[in-house]
Amino acid sequence: MGATGMSQPSWSFFRYGAVETFAWRLFIIWTAVGAIVLPLGINPLTLSRWISDPDYLDAGTALLAWADLAWMVFATVVVYLHVSAAEGLGRARVLALIIVLGAGAVEWYGATTGKPFGPYRYTDAFGPRIGGVLPIAIPLAWLVILLSARSTILARWPQLPRVPLALGVGLIALLTDLNLEFVAWKVRGYWIWYPGDPHPPAWPPLQNYVSWFVLATLLAGLLPAPIDRAGRPVHRVVMVLVAMNALFLVAHAVRLLR
């Protein structure tokens, strides 16, 4: 108790809450901008049609790449700080490391060998690439999707056993990939399927979706069992997942209407 007889908020809660709120507001602003950019299909290719000056074109392309990365960073901060407040900073670090390192390693292997997802390679459209191979944003995207899916499920079923929880996370990750795949490939150009193939198929390989579900389920199953989250609001984390999928759905709808 303080001198006034009232309990004082912990500095850690204040710090996490203030940063999370700031990141949340930036995420919402970036999402609103994306609701304009994505449906219009603005990407480096469309910029090259509008801008003839190479310096301005390079600046616009870099801005698009960094803007998408920034959007993912804001989402990551919101989700990570939510988990930190709900389950402790130490637990959040373990969860993040398992997902980032596990997904990052598989994605790196996949981008260089074509296994298990199929033949693809990343471009610079999603920000800087580690070793010229893996965009920094890709492991962050896995973290956002898996942890937000986990938090969403636990908000409804807090005592759900590990196996059904992992399967639920895997299913949400699969549905999210089904939603984002064509936007990320055809509109944003984050990656290229079938590089070098003069007549590439119109659809990603089926093994990509199978691998997404399997990897997401395995990573979720490796995460430590959740602790009691009673009284912890989850609306922001749920809305991060909803906003991401809604943005991609809007892009799909506009493409169909065109």
Side-chain angles (χ1 to χ4, degrees), residues 23-51 57 60-76 78-79 103 107 111 117-118 120-127 129 135-149 152 171-195 200-206 208-209 211-213 216 236-258:
W24 167 250
R25 291 171 178 170
L26 289 176
F27 174 77
I28 292 300
I29 293 171
W30 245 249
T31 302
V33 173
I36 299 173
V37 172
L38 275 181
L40 293 177
I42 300 175
N43 58 31
L45 180 60
T46 56
L47 285 182
S48 67
R49 298 169 182 165
W50 301 341
I51 304 173
L57 178 59
T61 301
L63 179 61
L64 282 178
W66 282 99
D68 289 356
L69 173 59
W71 183 61
M72 191 55 59
V73 169
F74 298 147
T76 301
V78 172
V79 173
E107 287 279 8
F117 302 103
Y120 72 104
R121 66 174 175 83
Y122 287 107
T123 70
D124 292 324
F126 209 4
R129 289 184 288 170
I136 298 172
I138 293 298
L140 298 183
W142 277 93
L143 184 148
V144 170
I145 293 170
L146 297 194
L147 286 189
S148 59
T152 300
L171 178 59
I172 292 176
L174 172 60
L175 294 175
T176 301
D177 183 52
L178 285 166
N179 189 16
L180 68 83
E181 190 65 52
F182 280 93
V183 177
W185 174 22
K186 297 292 189 179
V187 178
R188 303 305 292 158
Y190 294 156
W191 52 78
I192 299 172
W193 281 109
Y194 315 105
W203 293 80
L206 177 61
N208 169 67
Y209 301 109
S211 299
W212 255 80
F213 175 75
R236 285 180 179 171
V237 175
V238 174
M239 285 306 300
V240 165
L241 187 63
V242 170
M244 290 179 64
N245 280 280
L247 190 58
F248 295 128
L249 285 173
V250 168
H252 285 301
V254 171
R255 283 170 61 86
L256 288 175
L257 290 175
R258 286 179 175 178

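Residue numbers count from 1 along this sequence.
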Query raised in the report: Under 3.5 Å, side chain of W30 to main-chain N/O of A67, donor-acceptor pair present?
Result: yes
Query raised in the report: At what distance, to the nearest 0.5 angstrom, does CG of L178 lie from NE2 of H252?
Result: 9.0 Å
Report task. Would you confirm whether N208, through its side chain, and G118, through its main-chain N or O, come within 3.5 Å as a donor-acceptor pair? Result -> no
Query raised in the report: Which heavy-atom pair separates A149 from I172 by the least distance, and what is that distance?
Result: CB-CG2, 3.7 Å
Query - Separation between CH2 of W193 and NZ of K186, rounded to the nearest 0.5 Å - result: 12.0 Å
Report summary line: Note: A75 and V144 closest approach over all heavy atoms is C-CG2, 3.8 Å
Query raised in the report: Which heavy atom of I51 sits nearest a heavy atom of L57, and at what distance?
Result: CG2-N, 3.7 Å
Query - Donor-acceptor pair, side chain of R236 and main chain of V78, under 3.5 angstrom - result: no
Report task. May I ask you to check whether W142 and W212 place their ring centers less than 6.0 Å from one another? Result -> yes
Report task. For A202 and W185, work out which heavy atoms get closest and say how close. Result -> O-CZ3, 3.6 Å
Query raised in the report: Quick one: are W24 and V240 in side-chain contact, heavy atoms under 4.5 Å?
Result: yes
Query raised in the report: Quick check: does any side chain N or O of T123 sit under 3.5 Å from a backbone N or O of Y190, one acting as donor and the other as acceptor?
Result: yes
Query raised in the report: So which heavy atom on L146 is nearest to which on A216, and how close?
Result: CD2-CB, 3.7 Å
Query raised in the report: Measuring from I136:CD1 to T76:OG1, what's the distance to the nearest 0.5 Å?
Result: 11.5 Å
Report task. Apply side-chain contact (heavy atoms from CB on, under 4.5 Å) to the pair W71 and L247, showing each step before the final yes or no. Result -> CA-CA 12 Å; W71 183 61; L247 190 58; 3.7 Å; yes
Query raised in the report: Roughly how far apart are L241 CG and T176 OG1, rounded to 0.5 Å?
Result: 5.0 Å
Query - Between Y209 and E181, a side-chain donor and acceptor under 3.5 Å - result: no
**Report entry** Pairwise distance CD1(I138) to CG(L143) - rounded to 0.5 angstrom
**Finding:** 13.0 Å
Query - Heavy-atom closest contact (P195 atom, R121 atom, distance) - result: CB-NE, 3.8 Å
Report task. To the nearest 0.5 Å, tell me how far I145 CD1 sits from M244 CE. Result -> 5.0 Å
Query raised in the report: Any idea how F182 and W203 line up, ring-wise: parallel (<30°), tilted (30 to 60°), or perpendicular (>60°)?
Result: perpendicular
